[in-house]
Amino acid sequence: MLFDLSLTAACWICLFGIGYRCFRMFRNPRWPKPERLPAADRWRSAVAGLIAYTRGKRFGALLRTAVLDGLFQLRIWKTDRWGWVMHICLFWGFVLLLLMHAFEDEITRPIFPDYASTLDPFLFLRNAFGVMVVIGVGVAAGRRLFLQGFRKVTGIGDWLPLALIALIIGSGFLLEGAKIVSEPIFNEMVEDYLGSDDPEDVAAVGAYWQKGFGVVFDKPADVANTPLLEAGEELHEESCAVCHSRPGSAFVSFPLSKGLQFAAKSLNRWRADVWLWHLHYLACFALLAVAPFGKMFHLVATPVTLLLERTRHLSDPTPPSAVNRRAAGIEGCTHCGVCSQHCSVAPAWRILGIQEILPSEKLVSLGKQNNARQPDAGAVALLADGNAVCTKCLRCTQLCPSGIDLQDLWIATAERTAAVGCPELPVRTACLTASQWAEQLEEAPGFAGQKTPSIPKYPFLEKPRTQLFHCVQCTTCTSVCPVVAAAGDSDIHLDVTPQQVMNLVRLGLRDLALGSRMVWDCVTCYQCQEHCPQGIAVTDILYELRNEAWSRIPSVEVLSSSPLPSPKGRP
Amino acid sequence: MTPGATERPFDLAIVGAGLCGMAAAVFAANRGLSAVQIGGTGEIQFTSGLMDLLAVHPIETGTLQRDPWKALEQLASDCPRNPLSRVATADIRKAFGEIFRFLETQGLPYQNREHHNVDILTFAGTLKTTYAAPMTMWAGIDALENRESCCIVGLEGLKGFSSRQVVEHLDGNWPGLKAATVRFPGTRGEVYSTHLSTLLEKKSTRAAFADQIRSHLDGARTAGIPAIIGLHQHKDILKDLTVGAGARVFEVPTLPPSMAGIRLRQAFERGLDASGLTLLYQERVDRVERDDGGWRLHLQNGPAAKTVRADALLLATGRFLGGGLYADRKQIRESLMDLPVYQPSQRTHWHSRDFFSPTGHPINQAGMEIDSAFRPVDRTGRFAARSLFAAGSILAHQDWKRMKCGSGLAVASAFGAVESVLKIRRKRSTIGGTHQGN
Amino acid sequence: MKYMFFPGCKIPYHLPGYGASTRAVLAALDIELVDAEFNCCGYPIRHRSFEAAVFSAARALAITRQAGLPLLTPCMCCYGNLMHADHWMRKHPPLERSVNRLLSDEGLEWGDGIDIRHLFSVLYEDVGTDAIRSRIRRPQTHRKVAAHYGCHALRPAKVVRFDNPLAPHRFESLIAAIGAEPVEWSERLSCCGNPVWGKNDRLAIALMEKKLMSAERSGADCLCTGCTYCQLQFGPIRREMVPGSGGIDAILFTRLLGESLGLDPERLGAGLPERSPGSDLQNRALNFKDLDSASLNPNNRLSKTT
């Protein structure tokens, strides 16, 4: 009753979840690029696309994807050997348990008419597949706990499926163990199959099973009685052996049952096997129900993204096809973290701590923006901030085990964040004049260099007086500055010159320097520093002023504060 | 050419990249010495580009000397301790000849009147007495001598150069002189000479600027403009401006950093680089230690070239601005090796009461004392080391600013020092040869 | 000769031809490159955070140190920032300690004495112009080339130690070695404009055009680069920002060298895309087969390229 009810509920929830995710995929996207396309067009395009895969080159790709990426998980093998071990164990262990064990009546028995779950090789295999899954879960958990940086990006969405799988397998093994020691089950079996209700026969089989199969009786049999055991063996061969291999084949559950023996009597009394059975299938159905709502949806989406990756050179760059591909990419992420593990700018993340620098987290944030009804200005600002650090080096795209075209998403995100008023600080600074910035900075927290940061931040500005003591304001820096020159012979606006910036810093008017055009339009060509007759690190100081501004003007403020006027003098 | 790649010590290490260091490097290269030159940006770019030999002697009277050579002889008898007195006049002549030839091959010809100093009009409207000037300025010297009709063309937005001030300052001393101010084609706001000089490399800008000059000439046969005539193509630019304006165009020395100074520095750097010398510009010597009869120089913050070894060491590190000398609370010290410095006995005697005293201050005469071979000596006259030399403005008993002998001091002492290096090497190899013979 | 190859972030997607031609040319000159999974050199983040830039570079240097090989990068900006970080790690003990503490989490350590080289330094110092000259099969005598020195390799000289910062000659010597004629031009040491591109585009374009005009006036028929960012600036960014702009072409030195060594244009990356780091999405047909992926094999930290 409970079984059927929960199964039905889980199936419906799962179907609803898949439907919802598909609906979400085919809804007009909000991020990274808003599109307005009739859903029918996109469905048509998707179906036509799928049909195209039944012929020619694309069919070859489909086969290759199915065999290489599906059966052998080649893409994961290429990027991440431990990840491959983890995934192959989880995937194959779980799939085989599902086919052989969960669907024993529908699949296994029709194929093997002699099938019995307690018979070798099935008994052995069930334990073996279970162990595979356990290894998979163990590797996954270990990686998430101990790999550099992995832990920080692992959330409830990652732990929940792992926990459910662990619960399923754990309860399975425990259930099997509990069944082995169970007197009530023994009695039921004897009743059904022994073909004799003579108490002596029952006692003989009981003694034999107590010795060889680990059943624990409330009143233990006398296992030293050889004739009794011999009689038991005879009866066993007659009635039980057809369905029962040696319990040693259950190489996990049997030792487990030995471990349970001390408590076996109470377990039997409370019918722990029944409770564990409920727990076991309820865990399975819970996984079934939550799967489509979280990362496990990748079972649906990732085959698509993998297929698309294999045929990327054939893909149609126009909507609706392109829109579909991008949607599949956002939905197809398993949050496996490979991208962030290998991310080229991960060191910057370690220092700056902005999660959105890491591709996996950027994608999470992007997905949230795409699904949110109301745009979250703070989140968008953070996304823009993190994405600005990304160098678009393509590595994550090349390594993504799901084959998602991340590069395309990052570039599109950059364009979008710029368009919605989240340009990088260097662009934003042009919105206000230096003195307006100075006013704003009055309220901002003071110069961070005065504290003792984890890594020294400002080797030059820490001691502006000694650094700039020798400046004689000779204008050499200004006269060799290409920015000053360009401003002199065009209508590009420049407020102060390098030597004036140096003087402002020396006078302690750093806030006034921070927002000046000279600081932000510096091309870092080091001409000034190289030419300075007094050995002043002019360029390095300009660099540090930008660093300081960046740490004092939080990017989140931009969207929440009143809209800024458009930058002056820009195309 | 990799810094520090050579295990074999250099014959000579020159510390300093001012005019003296550069001149010493030229002399060393011409004499086949393997030399390394180490130094920062140097102060050449602060120079006007003019080369003074000796224009004032004695300082006390401030007498302007027409003939520098005669003045040198006078100086030698009046002040034998002055470094210029330690080099024979003929050698100084030879040294300048060598430098001028070097600069000419680098496309920066200088001109002088063999036997007398010349006067040149400056940005402030004063007249300065000097020995030699770059070709681009020479027409101005001619024009001044002959009081030719001339128009000084200033530029809007260029600091430190006012044509009106130039003319007014001369106050009728040059009747044919008049002033004009133009906006340099294609610019606005403040302008800087380096930028203008690159703009002039464009032919159309040159033509437009020449037109502007012509429109203000009003019959003048010469035109003076600030020193902005290019870095590389100054000869072509000067020619095009002269043809375009229809008057002889010349540069007026401007405030530092001046194009003429930058041109001079680049000519040295280009030429020395081609001569095969090892140049470690923008390096600083951290400390120096004796090394097997020679010297080991530790460079600051070098990964590959932490040390440079050389048989002989020449200090051309300049005075206070260049960093060769520094003054602490009590005394003046030599920065690199803390060598003895000749100076007033106590700080209160560094300056005389009159700040603008025409005769200068005692501190101006401070510096390193040397022997006849340009080796630093202590009070007793003993040299610090056989192979340690010093040259240029770091030397004592001179006041190059008031004597207007900056270039003369740099070139002459560099020459004297390098010749001494050679002499000592020759002596040593003769001794070595004798040893071998034995 | 064997070097760790540090391509930098902008080669794989934006300028794969530079990676391909560098590999081809160095292979032809009997130089072996070893690939590793490096992180970003830190140059792009330096505007924002000195610590992040130094830590990024130090991590790359620590990986190099582990391999015990010198590092070779074809990008002048990467070179500059790696040298900067190395300099600061040496000069600033508190910085060195805190960076190494972070690195030790990964079993890495920065230490003094890592040999960081730009491609040109390797060509000029280790291979030598004479050796290059002796291998030239098709001298580029028809070319007049304007050498565009990248700022970040050249200055500040006491940190980057590439060449004489005010009168460099190495690039011209290399150009002469392949039989081409290097021209003298006034703007050769100035900035290409890329550092402010995307921040102040007008300024970026003004600087770029100034350089191009100066090179053209000097009689050059091409502008030659040795830096990923500079080439992106004069190549795809120019095409995007100033469509239809005339002016001379910008060519990577590795292409010229490869041509004169008689290498197949295919191997030099002919036909590979050059992508502006912000070009229109519609125009970007992705084809990852054309990309430089040899450097992206993460499984073995040290895998050899053949």
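In the text below, chain A, chain B and the rest are named by the order of the sequence lines, each starting its count at 1.
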(message) Show the nearest heavy-atom pair for residues C:Arg59 and A:Pro347, with the distance to one decimal.
(response) CD-CG, 3.8 Å
(message) Show the nearest heavy-atom pair for residues C:Val160 and C:Tyr79, with the distance to one decimal.
(response) O-OH, 2.5 Å
Region of [X] in contact with chain A, defined by heavy-atom distances below 4.5 Å:
{"X": "C:Leu203", "result": "both"}
{"X": "C:His152", "result": "side chain"}
{"X": "C:Ile205", "result": "neither"}

(request) Return yes when atom CZ of C:Arg239 has more than 12 non-hydrogen atoms of other residues, nucleotides or ligands closer than 6.0 Å, and no otherwise. (result) yes
(request) Could you look at A:Ala414 and say if it's the side chain, the backbone, both or neither that has a heavy atom under 4.5 Å from chain C? (result) neither
(request) Would you mind checking which part of A:Ala487 comes under 4.5 Å of any heavy atom in chain C, side chain (CB onward), backbone (N, CA, C, O), both or neither? (result) neither
(message) Between C:His148 and C:Lys211, is there a side-chain donor-acceptor contact under 3.5 Å, judged purely by atom types and distance?
(response) yes
Could you tell me which of [options] has the largest number of non-hydrogen atom pairs under 4.5 Å with chain A?
{"options": "C:Cys151, C:Ala206, C:Gly198", "value": "C:Cys151"}
{"options": "C:Gly150, C:Ser49, C:Gly193, C:Gly42", "value": "C:Ser49"}
{"options": "C:Pro195, C:Cys191, C:Pro156", "value": "C:Pro156"}
{"options": "C:Pro44, C:Gly8, C:Ser56", "value": "C:Ser56"}

Classify the angle between the aromatic ring planes of [X] and [Y] as parallel (below 30°), tilted (30 to 60°) or perpendicular (above 60°).
{"X": "C:Tyr43", "Y": "C:Tyr229", "answer": "perpendicular"}
{"X": "A:Tyr543", "Y": "A:Tyr526", "answer": "tilted"}
{"X": "C:Trp88", "Y": "C:His92", "answer": "tilted"}

